[in-house]
2 protein chains.
Amino acid sequence: MQNSEALGLTAALLAVAGDLTQRIHDGVVARGFEGRPAYGFAFTRLAPDGATVTELARHLGVTKQGASQLVDELVAKGYVERRPHPRDARARLIVLTDRGWACTRAAEEAAAEVIRGWSGALGGEAEVRALREQLARIAPYGPIRPAW
Amino acid sequence: MQNSEALGLTAALLAVAGDLTQRIHDGVVARGFEGRPAYGFAFTRLAPDGATVTELARHLGVTKQGASQLVDELVAKGYVERRPHPRDARARLIVLTDRGWACTRAAEEAAAEVIRGWSGALGGEAEVRALREQLARIAPYGPIRPAW
DNA sequence: CCATATAGTCAACCAGCTTGACCATCTTCT
DNA sequence: AGAAGATGGTCAAGCTGGTTGACTATATGG
């Protein structure tokens, strides 16, 4: 692997990631929801049983104040609500509302739509599955990180 | 392709992209350069012959004012310089300095180092090349977009 | 039951963009 | 040639989405 090839792979990966994010966002907006891409990452942690602000912060790789501001936004838009935590009076459980679930499903549909388009470029569904498995092997654990 | 699989592929792709970006950045810093990931995207457009602020702005998908501020940063850190444009007195040609080239090579090395690590997880270099080719097929044209 | 750790919020601040206004220069049309 | 509009770039102001720091309330271990 020469260094220039490494840059080419990096560029392709980040271009695909940015494009996918943008198109999922567009698809979600087209289905009648407003927001920004960060919402999706929050939703994957909040579904299915909710999470505390601190857990969400760790998942997103931001401070708990930052996560709390994001939750404020989500509450204002009606996607989540803050409930008392059943086993810890200090904490609050952030859970998806019905509208939050609907938005999550819209994101899934939009993602599936984009990825279906990849089948043509790659040759078929089998190749898409292979890509998914390869990426899963090199995907890290730990908090989500912005791609740049 | 079920919707939930689409989300899994999306999550894996964005996790890999974010992790790769972070580790390239770490590698560049470890080699004695300071900056942020956006620098790398600017460098790929400025090499090898330079570019105007407006061209850079289009490449990065930001306004020309935003690109100009980035160039201010790069000038202050000694990575690029503004020269008079040879064929247009309104424009300026932004070109990499020696230090800018050195930083670019450091980023290439860091990227190659990370990607070498993928060979183990994927089974070999051939699989890495296959991944590169698949991604190149679905990579879009147009400006770079932040992944979120 | 006290000492310390943890969950969450409020306030102030900052980085990295945006929009709007503007000037200099290039290009096109008559 | 000269006017009119398009284009390259900058300055200034403002916004968004995060940060750090200080604080309160509750939980937990000795």
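Letters go in sequence order (proteins before strands), and every chain restarts at 1. All values derive from a computational prediction rather than experimental measurement.
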Q: Could you say whether A:Gln65 or B:Val62 is positioned toward the 5' end of DNA chain C, judged by the nucleotide with the nearest heavy atom to each?
A: A:Gln65
**Q.** Atom-pair distance (CG on B:Leu60; P on C:dC17), nearest Å
**A.** 9 Å
Q | Distance below 4.0 Å between A:Thr54 side-chain N/O and C:dT6 OP1 or OP2 | A | no
**Q.** Test side chain to side chain donor-acceptor pair (under 3.5 Å) applied to B:Glu133 - qualifying residues, sequence neighbours left out
**A.** none
Q.
Which residues pass the side chain to side chain contact (heavy atoms under 4.5 Å, CB included) test with A:Ser119, not counting sequence neighbours?
A. A:Glu125, A:Val128
(Q) Tell me every residue that passes side chain to side chain contact (heavy atoms under 4.5 Å, CB included) with A:Leu96, counting only those two or more places apart in sequence or in another chain. (A) A:Phe43, A:Leu46, A:Ala47, A:Val80, A:Trp101, A:Thr104
Q. Looking at residues at least two apart in the chain, or sitting in another chain, which of them share a side chain to side chain donor-acceptor pair (under 3.5 Å) with B:Arg90?
A. B:Asp88
Q: Rounded to 10°, tell me the angle between the two end axes of the helix from C:dC1-D:dG30 to C:dT30-D:dA1, each built from five pairs.
A: 30°
Q: Take atom CG of B:Leu56 and atom P of C:dC17, then tell me their distance rounded to the nearest Å.
A: 11 Å
Q: Kindly give the cluster partners of B:Val29, where membership spreads through any ILVMFWY side chain lying under 4.5 Å from a current member.
A: none
Q: Would you mind classifying the nucleic acid contact of A:Thr63 as base, sugar-phosphate or nothing, using non-hydrogen atoms under 4.0 angstrom?
A: base
**Q.** Electrostatic pair A:Glu113:A:Arg23 at N-O distance under 4.0 angstrom
**A.** no
Q: Find out whether B:Ile94 and B:Leu74 are in side-chain contact, i.e. whether some heavy atom of one side chain is under 4.5 Å from a heavy atom of the other.
A: no
Q: Applying side chain to side chain contact (heavy atoms under 4.5 Å, CB included), name anything that partners B:Arg58, two or more places apart in sequence or on another chain.
A: B:Thr54
Q: Rounded to the nearest angstrom, tell me the gap between atom CZ in B:Arg92 and atom C1' in C:dT25.
A: 14 Å
May I have the list of side-chain donor-acceptor pairs in residues 61-68 of chain A shorter than 3.5 Å, sequence neighbours left out?
from	atom 1	to	atom 2	distance (Å)
A:Thr63	OG1	A:Gly66	N	3.1
A:Ser68	OG	A:Arg82	NH2	3.3

(Q) The criterion is side chain to side chain contact (heavy atoms under 4.5 Å, CB included); which residues satisfy it with B:Arg99, sequence neighbours excluded? (A) B:Phe33, B:Tyr79, B:Thr97
Q | Nucleotide-resolved protein contact map, nucleotides 23-30 of chain D, B/S/- at heavy-atom distance under 4.0 Å | A | --BBS---
Q: Write down the distance between CZ (B:Arg36) and P (C:dC14), rounded to a whole number of angstrom.
A: 17 Å
Q: Kindly state which residues belonging to residues 68-83 of chain A come within less than 4.0 angstrom of DNA chain C, counting heavy atoms of the residue only, listed by number.
A: A:Ser68, A:Arg82
Q: Could I get the full list of side chain to side chain donor-acceptor pair (under 3.5 Å) partners for A:Arg83, not counting sequence neighbours?
A: A:Glu81
